[in-house]
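Notes to accompany the following structure.
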Amino acid sequence: MQERELIPHLFRTEYSKIIAVLCNSFDLRHLEIAEDIASETFLKAAEIWGIKGVPENPTAWLYTVAKNKIKDYFKHQSVVERQGKEALKSSDIGTVLDFEFSHQNIADSQLAMIFSVCNPENSGDTQICLALQILCGFSVEEIAGAFLTNPETIKKRLHRGRTTLRSGNFQIKTLSDQEIKGRLESVLKTLYLLFNEGYFSKTNDQSIRRDLCSEAIRLASILTENSLTNTPLVNALLALMYFQSSRFNARVNDKGEAILLEDQDRSLWDQELIERGNYFLVNAYEGREVSKYHLEAAIAYWHTTPTGENKWEHILQLYNQLILIEYSPVTALNRAFAYARVYGWEKGIEEVEKLDLNDNSHYYSLLGYLYAGVDIERAVGFYKQAIALTKSRVEAETLAKEVKRLMERAGQDLS
Amino acid sequence: MKDFLLIYRADYNTYPDPKKSPEEMQALVQKWMNWVAGIAAQEKLVDRGNRLVKSGKVLKGNGSASDGPYTEIKESIMGYSIIKAMTLDEASKLAEGCPILSYDGSVEVREINAI
């Protein structure tokens with residue numbers, strides 16, 4: 001029983017490490033070989049541990065088996081080579097024979113792997129899928145679960161992504177300063193998307209959502225642990241992730257319905273995570289650069305503070321800066337909400353109506369929310385438009401409840 | 001969508017008011033930010049633009065180069081931004097909330113005729 005739980009757990013943590021270290025010893029064109037060896041290693045573990053029991057140090061056992069398997073592979077290759085077929089360069093065999101699964105090598109390899117996988121030539125969705133599979137050891141089914149789509153779609157997406165990785169000629173071995181600078185931005189973007197995929201996921205499965213978020217944090221932490229990649233931007237992104245994660249227990253109710261920040265039970269916020277967020281936010285502001293990650297982290301920071309003097313003024317100014325850096329409908333709507341908090345509902349309504357986001361359900365639900373205190377009939381009308389537009393069943397239910405509450409209130413006002 | 005240049009004009013002697021307290025200056029900056037970000041939130045800001053330094057030179061065809069524009073004139077150009085809109089009317093509407101208007105200043109809205 002014990003090993004049945006142990007193997008999935010080890011698989012998550014060790015599978016991607018083994019692949020990273022193996023890949024770091026050849027180059028990325030051999031990704032599939034590394035994956036085969038990692039899979040065979042776990043298969044062997046399942047067989048042997050089932051009979052003989054779990055070894056004292058399961059991780060070391062896995063590394064030894066993986067190492068032996070790669071040596072066997074190269075022996076086999078050199079036989080094939082002598083038969084005149086295409087094979088690996090002999091220099092590869094040399095490097096392979098003296099590689100180690102040391103802590104340092106694992107950390108370096110994982111870092112190199114992150115930079116290889118986050119190839120900006122792939123679309124955002126594809127990058128997330130690749131990261132989940134190669135860097136986080138997720139199965140195709142698990143990824144499909146996170147994206148609420150079928151495994152076939154994910155398989156195709158992964159296939160396309162891998163083709164791009166192979167043709168990209170990106171050498172995983174040498175992570176020079178230059179290469180890090182050139183790709184750090186897209187690495188951060190992938191991790192940001194990965195986190196958001198979990199945090200704002202289409203799926204209501206809380207455990208998948210948490211997994212995605214904690215994987216994004218784990219990968220971002222690898223970046224802060226290496227002096228080459230421990231930049232203010234990385235710290236800002238990590239701060240943002242910790243602040244957001246701190247509210248995980250408070251942001252949905254038992255039925256999976258979202259609870260507005262304002263209405264959340266603050267005692268459910270994880271103080272330890274907030275403190276980690278504070279730590280990385282302070283680090284982030286050591287440089288002079290202010291990125292969108294800085295601004296989003298700073299906004300998330302203000303949300304952890306009690307409503308008090310100038311809180312919303314600060315939040316509004318941060319949203320102002322954010323929208324100037326990068327437009328997005330979500331930022332525009334959040335900014336308008338902050339505007340309403342500072343200048344009152346009516347001015348806020350004016351600001352929202354200017355946005356004219358007629359195909360966005362959140363646009364209408366925000367109008368409904370702001371109108372609720374001013375004009376119930378219009379508020380209900382806007383909520384109904386939001387319900388018609390939303391693709392999320394849970395959101396539609398939450399909004400329908402709000403409509404019912406308002407109608408009841410209107411009924412009471414009349415009588 | 002067409003691009004429009006907004007040219008902000010005001011009197012250097014009254015804008016920004018040199019007697020203003022730091023808090024008032026901060027409030028003025030905030031007003032500008034709210035206004036510009038409000039345009040960006042509608043996805044209609046092309047270039048936030050810049051402020052201009054007070055001093056400059058004015059060259060003329062006769063070879064003269066004088067210090068200027070004279071800061072005593074009431075309508076010095078203070079800065080500019082570029083926005084986008086379907087029509088001149090729409091662009092003018094976007095310019096309406098510009099903070100410089102509350103300081104006796106003006107905003108000139110001009111369609112950009114791309115070369």
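For the numbers below, each heavy atom of this structure counts, side chains included, while hydrogens, waters and symmetry mates do not. The sequence lines fix the lettering, A, B, ..., with proteins before strands; numbering per chain opens at 1.
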A/Arg266, CZ: over 12 other non-hydrogen atoms inside 6.0 angstrom:
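Yes, enclosed.
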Under 4.5 Å from any heavy atom of chain B - which part of [X]:
| X | value |
| --- | --- |
| A/Asp356 | neither |
| A/Tyr319 | neither |
| A/Leu357 | neither |

To the nearest 0.5 Å, what is the distance between CD on A/Gln385 and CG on A/Leu367?
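Rounded to the nearest 0.5 Å, the CD-CG separation comes out at 9.0 Å.
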Where does the angle between the aromatic ring planes of B/Trp32 and B/Tyr8 fall among parallel (under 30°), tilted (30 to 60°) and perpendicular (over 60°)?
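Taking B/Tyr8 first and then B/Trp32, their aromatic rings stand perpendicular (interplane angle over 60°).
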Basic-acidic side-chain contact under 4.0 Å: B/Glu96, B/Lys93
yes
